[in-house]
Amino acid sequence: MSSTVKDVVGLVLRLVVGAVLVVAGGIKVDNLGESRQATRAYDLMPVDLANFLGSLLPFVEVALGLMLIIGLLTRAAAIGSALLLLAFIGAIASAWARGLTIDCGCFGGGGQVDSQDTRYLQEILRDGALVIGAIWLVVRPRTRFSLDHRLWGD
């Protein structure tokens with residue numbers, strides 16, 4: 001695969017992963033109460049810590065997503081994004097394995113749902129695909145139209 005094609009693939013992945021994070025985080029920033037509720041629903045940590053993370057994570061998602069979209073510190077943003085998405089996958093898998101019936105809260109909402117309304121496999125596959133995209137950007141952060149390239153010539 002030529003360097004130009006790899007640059008374009010990287011650009012597409014940067015924009016897709018970044019946009020998903022910005023949209024997901026942006027929806028939750030608008031309603032932090034729901035974000036805290038969704039985080040508590042996983043029943044993985046004390047309530048105070050879940051509330052703190054539920055308030056913090058949307059801003060982290062938006063920040064990482066914006067960094068990817070503009071191509072600023074792409075490798076670092078991709079590492080952060082991959083780790084965040086892996087944590088989300090772990091939390092969703094944990095909820096599924098423990099028989100919880102919750103909405104992941106990935107794009108707002110969250111909390112208890114009817115058992116037929118869970119979409120654990122789809123959520124894990126979606127986040128897994130995004131992790132693969134983020135890993136590509138960790139290995140090869142050089143992409144077209146990045147601020148990194150303008151600032152540092154990378």
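Every heavy atom of this structure was used, including side-chain atoms; hydrogens, water molecules and symmetry mates were not. This one's a predicted model, so the numbers in the text were calculated from it and none came from an experiment.
Nearest heavy-atom pair, R126 versus C106, reported as atom, atom and distance to 0.1 Å: NH2-SG, 3.2 Å. Q112 approaches T101 most closely through the heavy-atom pair OE1-O, 3.3 Å. Taking all atoms of both residues into account, the shortest heavy-atom contact from S81 to A134 is CB-CB, 4.5 Å. Heavy atoms only, all atoms of each residue included: A91 and L44 are closest at CB-CD1, 3.9 Å. Of all non-hydrogen atoms in R144 and R14, the two that sit nearest each other are O-NH1, 2.9 Å. Summarising the geometry of A38 relative to G110, their closest heavy-atom pair is CB-CA, 3.7 Å, with the distance given to 0.1 Å.
Within the structure, salt bridge (Lys or Arg N to Asp or Glu O under 4.0 Å) pairs that include any residue of residues 57-70 comprise K28-E61 (at least two apart or interchain).
Rounded to the nearest 0.5 angstrom, I27 CD1 and F107 CZ are separated by 7.0 Å. Atom SG of C104 is separated from atom CD1 of I124 by 10.0 Å, given to the nearest 0.5 angstrom. Residue M45 holds its CE atom at 7.0 Å from OG1 of T39, rounded to the nearest 0.5 Å. To the nearest 0.5 angstrom, E123 atom CD is 11.0 Å from I89 atom CD1. The CG atom of L56 lies 10.0 Å from the CG atom of L49; values are rounded to the nearest 0.5 Å. In this structure, CD1 on I135 lies 11.5 Å from CG on L13, to the nearest 0.5 angstrom.
A donor-acceptor pair under 3.5 Å links the side-chain atoms of S35 to the main chain of G54, judged by distance alone.
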Kindly indicate, with the supporting measurements, whether the criterion side chain to side chain contact (heavy atoms under 4.5 Å, CB included) is fulfilled by L15 and F145. CA-CA 11 Å; L15 294 176; F145 310 112; over 6 Å; no
Test side chain to side chain contact (heavy atoms under 4.5 Å, CB included) on D103 and E34; report intermediate values, then the result. CA-CA 11 Å; D103 178 298; E34 279 188 0; over 6 Å; no
Begin from the C-alpha positions of F59 and L64 and carry the test side chain to side chain contact (heavy atoms under 4.5 Å, CB included) through to its verdict. CA-CA 9 Å; F59 295 99; L64 289 170; over 6 Å; no
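Checked against salt bridge (Lys or Arg N to Asp or Glu O under 4.0 Å), R140 has the following partners two or more places apart in sequence or in another chain: D7.
The closest side-chain heavy-atom distance from L121 to W96 is below 4.5 Å. No side-chain heavy atom of D127 sits less than 4.5 Å from a side-chain heavy atom of L86. Side-chain contact between Y120 and I102 is present, with heavy atoms from C-beta onward closer than 4.5 Å. Using a 4.5 Å heavy-atom cutoff, the side chains of I92 and R119 are not in contact. L21 has its side chain out of reach of V62: every pair of non-hydrogen atoms, C-beta onward, lies at least 4.5 Å apart. No side-chain heavy atom of M67 sits under 4.5 Å from any side-chain heavy atom of T74. The closest side-chain heavy-atom distance from V139 to R75 is not below 4.5 Å.
There is no path of hydrophobic side-chain contacts, each under 4.5 Å, that joins V138 to L85. Under the 4.5 Å side-chain heavy-atom criterion for grouping Ile, Leu, Val, Met, Phe, Trp and Tyr, V29 is connected to I69 within one hydrophobic cluster. Taken together through direct or relayed side-chain contacts under 4.5 Å among Ile, Leu, Val, Met, Phe, Trp and Tyr, L84 and I79 form parts of separate hydrophobic clusters. Tracing side-chain contacts under 4.5 Å through hydrophobic residues (I, L, V, M, F, W, Y), one never reaches L137 starting from L83; they form parts of separate clusters.
Exactly one residue among R36, R40, Q37 makes a side-chain hydrogen bond (donor to acceptor under 3.5 Å, both in side chains) with N51. That residue is R40. None of L68, I132, V131 except one satisfies the side-chain contact (heavy atoms from CB on, under 4.5 Å) rule with V17; the exception is L68.
Residues R150 and S146 have side chains that never bring a donor and an acceptor to within less than 3.5 angstrom of each other.
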